[in-house]
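Working notes for the structure below.
The sequence lines fix the lettering, A, B, ..., with proteins before strands; numbering per chain opens at 1.
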There are 2 protein chains.
Amino acid sequence: MANIRDVARLAGVSVTTVSRVLNDHPYVQEEKRQAVLAAIEESGYVKNLNAVSLSRGKTEMVGIVLPFTDHSYFAALLKGIAEEARIYSKKLVLFQTDYESDQEIKALEMLKHKQIDACIFCSRSSEWTVIEPYQSYGQIVMCEEMHENVSYTFIDQYQVFMKALHYLERKAFKRIGYCIGRRSGTNSEERERAYRDFLSSRKIPYNEAWIFDDCYHMQDGERVLEEIGRMSNKPDALLVTNDQTAAGILLTAEKAGLNIPEDLGIMGFENHPIAEMLSITTIDLPLEEMGRSLLRQAIKHEVEKKEVTVSLIERHTI
Amino acid sequence: MANIRDVARLAGVSVTTVSRVLNDHPYVQEEKRQAVLAAIEESGYVKNLNAVSLSRGKTEMVGIVLPFTDHSYFAALLKGIAEEARIYSKKLVLFQTDYESDQEIKALEMLKHKQIDACIFCSRSSEWTVIEPYQSYGQIVMCEEMHENVSYTFIDQYQVFMKALHYLERKAFKRIGYCIGRRSGTNSEERERAYRDFLSSRKIPYNEAWIFDDCYHMQDGERVLEEIGRMSNKPDALLVTNDQTAAGILLTAEKAGLNIPEDLGIMGFENHPIAEMLSITTIDLPLEEMGRSLLRQAIKHEVEKKEVTVSLIERHTI
DNA sequence: TTGTATGCGTTATCAT
DNA sequence: ATGATAACGCATACAA
């Protein structure tokens, strides 16, 4: 396969001149430019971007770390990231981690080894202390609030959860529980903190049984409702941190003959199309916008912290 | 940043020896190995995989071309691909194309430019004739039946559609229409061919109005049902090529007071959790398995054609 | 068992 | 304007 030297030889010029033509640099006679172009054509030359990366010290690729791709929350984030990446001509390298720490490390190692220029963590299970040292190898961007010297785009989960709780309170719900993906992680911990603060300010005892974790998909909603069915002391409303699970709860509840929201108030999160279709009251999360912001932060060198705001969409499950 | 030469100097050995240690090659004295290891530690050396790629002529990365990531069909395919990629230590470069041909070309150009070793097309809008020439630059794998000299993993859409039509016929549906993502593309054309063959063998006239395209999400189902509502001559059953749309149709129908399947039979495709939740009769598509197969084909050098089989899941919408 | 020298394909520097 | 040459960092055939 022809390389830049072959082209140079064929065109009767130096490799430098060929490189100039290739990269649209000035200072090359039209005559020689044509000769080079002809030689490229004749030899079927194609640039080896790998060599370019090595020489330039950059790959123009960004790593995306997320636990699952088959989940609407991350899919929406990814969509925004991909759209923005197209604008800046960045390529995306995907790391589907299943929340396994060693998979996250793989992404960081790739950053270290100069296979990617930057890395976006849509979510993580690794401790920040293991991620932090990798910052010296390239930009690392997080999708959660941090206090460190990192770029991030975030939603103030504490405020949002608190706002949702107040809304439920105004609607006269008294026994509020919540569903969440996992108990750990900044975002989850912020929500739990809001929940506990809310309860204690009202002198309501904290009830561990009303917190349901591992809630990601519709089936998880089914499971949650079954669990509630077995309880003697049932919650009368649930904050459900994703619309898929909320939909699962709603559909299962209706199948079971429950009246929503009379028997159980349901507040979703995301404002996914399914929430609109099922008329689920939810918190609209601007995920695609967040994705775009994350990518922009990944390619800029300064540290930037960006908060995005959410809005409550009133529908019929509260 | 230290490179392999620095390490060699520090350890008092040659770069070859360092390389041997780095790649676990035999023939290196334990003593020198330790010296190298120490030098690596001391210098904070990290391998530049970009240089490795250039030297080896491979990147161990595979491009994934798909129109959307926020769609369960492609998300499931991607999940399978990602799982298998992990096994073989391949990295994934994502191309979200929105079915824009020039985005597909970008992936092919990356193959040409040696940034990726292979490329998987989960779906495409480009003509095969524009893709085909790129085969000389690396393995290209398709997710549809081809007659060319390419590797692919496929579902016999003609057979599947025919099977579904026969099933509907047995269940006494007479006026069958269908919903599809897009009219073009091999898979869609195969389905249309089956549909037309079925109709003509029964001497049933073909009715363009009963074919609904641009059906990907739940809302599209809503739209379809609205359209049907305005028809004087309505279909009595629909083959819906994805469960999301099928769910949208079902939910909208129920909201409108229709009886399913009496007023409208609905057959989904994919067997997504939502189909189970809503008890939608559907065709189970082994998407994750297909994804895994696609990745394996991408990393092997021989041409391989693999068919996967599907099964009909009887539930309550037919 | 180890080292030398060369190749991988480009970009960048510095003359001219 | 153009070219020679040195990086970029690693792998490896071949020699010893």
Donor-acceptor pair, distance only, cut-off 3.5 Å: does the side chain of [X] make one with the backbone of [Y]?
{"X": "A:Ser293", "Y": "A:Glu289", "answer": "no"}
{"X": "B:Glu104", "Y": "B:Ser125", "answer": "yes"}
{"X": "B:Asn48", "Y": "B:Asn50", "answer": "yes"}
{"X": "B:Asn3", "Y": "B:Arg5", "answer": "yes"}

Checklist entry - What pairs of residues pass the ring pair (Phe, Tyr, Trp, His ring centres under 6.0 Å) test when at least one of them lies in residues 84-111 of chain B, not counting sequence neighbours? => result B:Phe68-B:Tyr99
Checklist entry - What string of B, S and - do you get for nucleotides 9-16 of chain C, 5' to 3', when a contact is any protein heavy atom under 4.0 Å? => result BBBBB---
Item to check | Chi angles and distances behind the side chain to side chain contact (heavy atoms under 4.5 Å, CB included) call for B:Arg124, B:Met142 | outcome: CA-CA 9 Å; B:Arg124 65 179 163 114; B:Met142 311 297 293; 3.4 Å; yes
Next on the checklist: I'd like to check A:Gln115 versus A:Met61 (side-chain heavy atoms, cut-off strictly below 4.5 Å). Are they in contact?
Outcome noted: no
Item to check | Contact interval (first through last nucleotide) of DNA chain D with protein chain A, 4.0 Å heavy-atom | outcome: D:dA1 to D:dG9
